[in-house]
Amino acid sequence: MFGLYLHIPFCLKKCAYCDFNSRAPRPGEVDSYLSALQKEIATVPALAGRSLSSLYIGGGTPTILTVEQFRRLFAALHSVFHWNDGMEITVEANPGTVDLSFLRQLRSLGVNRLSLGIQSFRDSLLRRMGRIHSGADGRAAIEAARKAGFENLGADLIYALPGQAPADWEEDLAELLGYRPEHLSLYALSVEPGTPFARAEKEGKLLLPAEEEEVEMFRRAVEITGERGYEHYEISNFALPGCFSRHNSRYWTMEEYYGAGAGAHSFLWREDPVRFHNEPDPAAYVGRIGRGESPVAGREVLEKKTLLSEAMMLGLRRTAGVDMEKFHGKYGVEPAEYFAEDLVRAFREEWIEEIGGVLRLTPKGALFSNEVFVCLF
């Protein structure tokens with residue numbers, strides 16, 4: 001079994017912080033893109049007849065598709081794959097693009113998990129981010145999702161936003177927790193190159209919270225969610241018992257997944273572990289498929305060092321950590337020996353701890369995980 005990711009690279013408007021592979025569609029482009037996407041799925045030999053453990057449709061904004069477009073897409077998927085009973089089927093949604101009728105029809109197609117990009121309930125922050133929805137739209141989307149029958153609801157929030165104080169963040173988080181979503185993704189703002197936020201920062205016009213305020217926001221998020229019964233199972237992800245994202249967990253445990261669509265990434269085990277990605281430009285992707293060419297734009301057979309380093313980094317992102325005995329069983333090396341020099345530094349800097357044969361990030365390491373991974377691996 002494997003996980004399937006479908007990328008919808010279109011949105012109504014690009015957000016000021018976003019560097020994802022997405023843009024507004026041109027007239028008629030969505031239908032031509034979906035036709036190409038369906039053709040890719042149907043013609044990849046590695047996919048035919050395989051069993052899906054999870055399906056995740058992300059973007060962009062998948063919910064700019066019509067219900068009829070979703071229906072055609074799902075029909076194509078059913079013709080290629082075996083769908084396991086109880087498999088997780090997730091669709092990402094922007095609150096400004098959904099209503100009760102749409103969500104009911106989406107649920108009737110078998111979608112059983114919705115991931116809402118709330119980001120904030122404060123209109124001033126939403127406008128600053130360039131979001132197309134308001135705080136009221138976010139509340140309405142959550143309520144509509146429940147009425148539509150979604151019992152597995154995820155929601156995203158962003159913290160360390162320009163002009164956001166720790167008290168503002170706690171109010172946003174408290175309001176979201178009042179709806180009791182099964183899953184939370186809480187992300188610190190990352191200012192990515194080429195975005196409007198990056199340009200504003202370069203011009204001195206992006207006033208971000210101080211580092212100690214960002215640290216406090218993260219610390220309080222962990223504390224508050226824990227008090228409300230959520231398990232902090234990955235650096236940015238929290239869930240009620242039994243509600244971890246099954247699809248995203250495949251990424252962190254180095255299990256197979258295939259990404260279809262413009263710019264989508266895949267990881268498959270053949271004789272050797274292989275990672276590859278598709279052509280990112282939607283028009284060029286459609287052109288490749290139309291000419292009967294492979295959409296793959298880059299491929300890498302992972303050498304042992306790369307594979308082990310990625311397995312260690314992804315494992316440490318999970319609060320379950322890296323079980324050294326299981327790591328040895330899967331990859332054939334002892335992490336304490338293979339990464340000896342890196343781990344000595346990590347323990348010295350108090351980034352990592354070892355308890356009962358399991359390596360985990362310390363709270364200090366979790367706060368600066370990206371920097372830690374760059375330094376170590």
Side-chain angles (χ1 to χ4, degrees), residues 9-25 58-61 92 94-97 116-138 155-176 184-224 234-237 263 280-281 313 317 349-351 361 363-377:
F10 304 118
C11 50
L12 297 180
K13 178 188 174 186
K14 192 87 166 177
C15 296
Y17 58 87
C18 179
D19 72 334
F20 293 167
N21 182 33
S22 62
R23 60 168 171 77
T61 305
E92 290 182 351
N94 184 303
T97 62
L116 284 170
I118 299 295
Q119 315 311 3
S120 176
F121 290 106
R122 288 177 171 261
D123 288 343
S124 59
L125 292 179
L126 291 168
R127 285 193 297 269
R128 200 166 294 151
M129 286 186 277
R131 300 291 289 175
I132 65 168
H133 71 274
S134 66
D137 292 332
D156 297 359
L157 288 180
I158 300 177
Y159 63 93
L161 291 165
Q164 183 186 46
D168 301 330
W169 163 242
E170 288 196 34
E171 286 182 14
D172 262 349
L173 182 58
E175 182 167 1
L176 182 58
L184 302 170
S185 294
L186 309 178
Y187 299 111
L189 175 70
S190 179
V191 180
E192 302 294 342
T195 62
F197 268 10
R199 290 191 290 274
E201 183 177 49
K202 186 177 181 179
E203 295 168 2
K205 298 177 181 178
L206 193 72
L207 303 179
L208 297 172
E211 183 178 278
E212 57 268 24
E213 291 181 308
E214 179 179 337
V215 168
E216 175 65 8
M217 291 181 197
F218 177 78
R219 187 191 69 79
R220 286 292 290 151
V222 173
E223 186 176 83
I224 293 168
E234 193 271 344
I235 288 175
S236 301
N237 289 275
D281 179 73
M313 286 188 289
R317 288 193 64 87
E349 299 289 345
E350 299 181 340
W351 292 335
L361 289 177
K364 178 182 177 181
L367 282 169
F368 304 103
S369 58
N370 289 338
E371 292 87 344
V372 169
F373 296 150
V374 168
C375 289
L376 293 182
F377 308 112

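Side-chain atoms of E171 never come within 3.5 Å of backbone atoms of D168 as a donor-acceptor pair (strictly under, hydrogens ignored). R23 places no side-chain N or O within 3.5 Å of a backbone atom of P9 that could act as its donor or acceptor partner. Listed for the K14 side chain is a donor-acceptor partner under 3.5 Å among the backbone atoms of F20. Remark: the backbone N or O of K205 is not paired with any side-chain donor or acceptor of E203 at under 3.5 angstrom. Checking side-chain atoms of H133 against main-chain N and O of I118 turns up a donor-acceptor pair under 3.5 Å. Under the 3.5 Å distance criterion, the side-chain polar atoms of S120 are matched with a main-chain donor or acceptor of R122. One N or O on the side chain of N21 and one on the backbone of P280 form a donor-acceptor pair closer than 3.5 Å.
Contact record, P25 with C11: CD-O, 3.6 Å, taken as the closest heavy-atom pair. Summarising the geometry of R317 relative to S369, their closest heavy-atom pair is NH1-OG, 4.4 Å, with the distance given to 0.1 Å. In plain terms, the two heavy atoms of G59 and E92 that are nearest each other are N-OE1, 3.2 Å. Closest of all the heavy-atom pairs between G117 and P95 is O-CD, 3.4 Å. When all heavy atoms of P162 and L125 are compared, the pair lying nearest together is O-CD2, 3.6 Å.
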Set out, in order, the CA-CA distance, both residues' side-chain angles and the distance that settles side-chain contact (heavy atoms from CB on, under 4.5 Å) for T97 and I132, then state yes or no.
CA-CA 9 Å; T97 62; I132 65 168; 4.0 Å; yes
What verdict does the side-chain contact (heavy atoms from CB on, under 4.5 Å) test give for V191 and F197, after you've listed the backbone C-alpha separation in whole Å, the side-chain angles of each residue and the deciding distance to 0.1 Å?
CA-CA 6 Å; V191 180; F197 268 10; 4.3 Å; yes
Assess the residue pair D123 and S134 against the criterion (side-chain hydrogen bond (donor to acceptor under 3.5 Å, both in side chains)); give the C-alpha distance rounded to whole Å, side-chain angles, the decisive distance to 0.1 Å, and a yes or no.
CA-CA 6 Å; D123 288 343; S134 66; 4.6 Å; no
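Within 6.0 Å of OH in Y187 there are more than 12 heavy atoms belonging to other residues, nucleotides or ligands. Within a 6.0 Å radius of NZ in K364, other residues, nucleotides and ligands contribute more than 12 heavy atoms. At most 12 heavy atoms of other shown residues, nucleotides or ligands fall within 6.0 angstrom of atom CD in E211.
A distance of 10.5 Å separates CG in L186 from CG in D172, rounded to the nearest 0.5 Å. In this structure, L361 CG and E350 CD are separated by 13.5 Å, a value rounded to the nearest 0.5 Å. With rounding to the nearest 0.5 angstrom, the CD atom of Q119 is 13.0 Å from the OH atom of Y159. A distance of 7.0 Å separates CD1 in I158 from CZ in R131, rounded to the nearest 0.5 Å. Rounded to the nearest 0.5 angstrom, L176 CG and D156 CG are separated by 9.5 Å. For the atom pair CZ (F218) and CH2 (W169), the distance works out to 10.5 Å, reported to the nearest 0.5 Å.
For the side chain to side chain contact (heavy atoms under 4.5 Å, CB included) with M217, the qualifying choice from E212, E170, Q164 is Q164, the only one to do so.
Side-chain polar atoms of S185 and N237 form a donor-acceptor pair below 3.5 angstrom.
Residues E223 and R219 are paired through a salt bridge, judged by an N-O separation under 4.0 Å between the basic side chain and the carboxylate.
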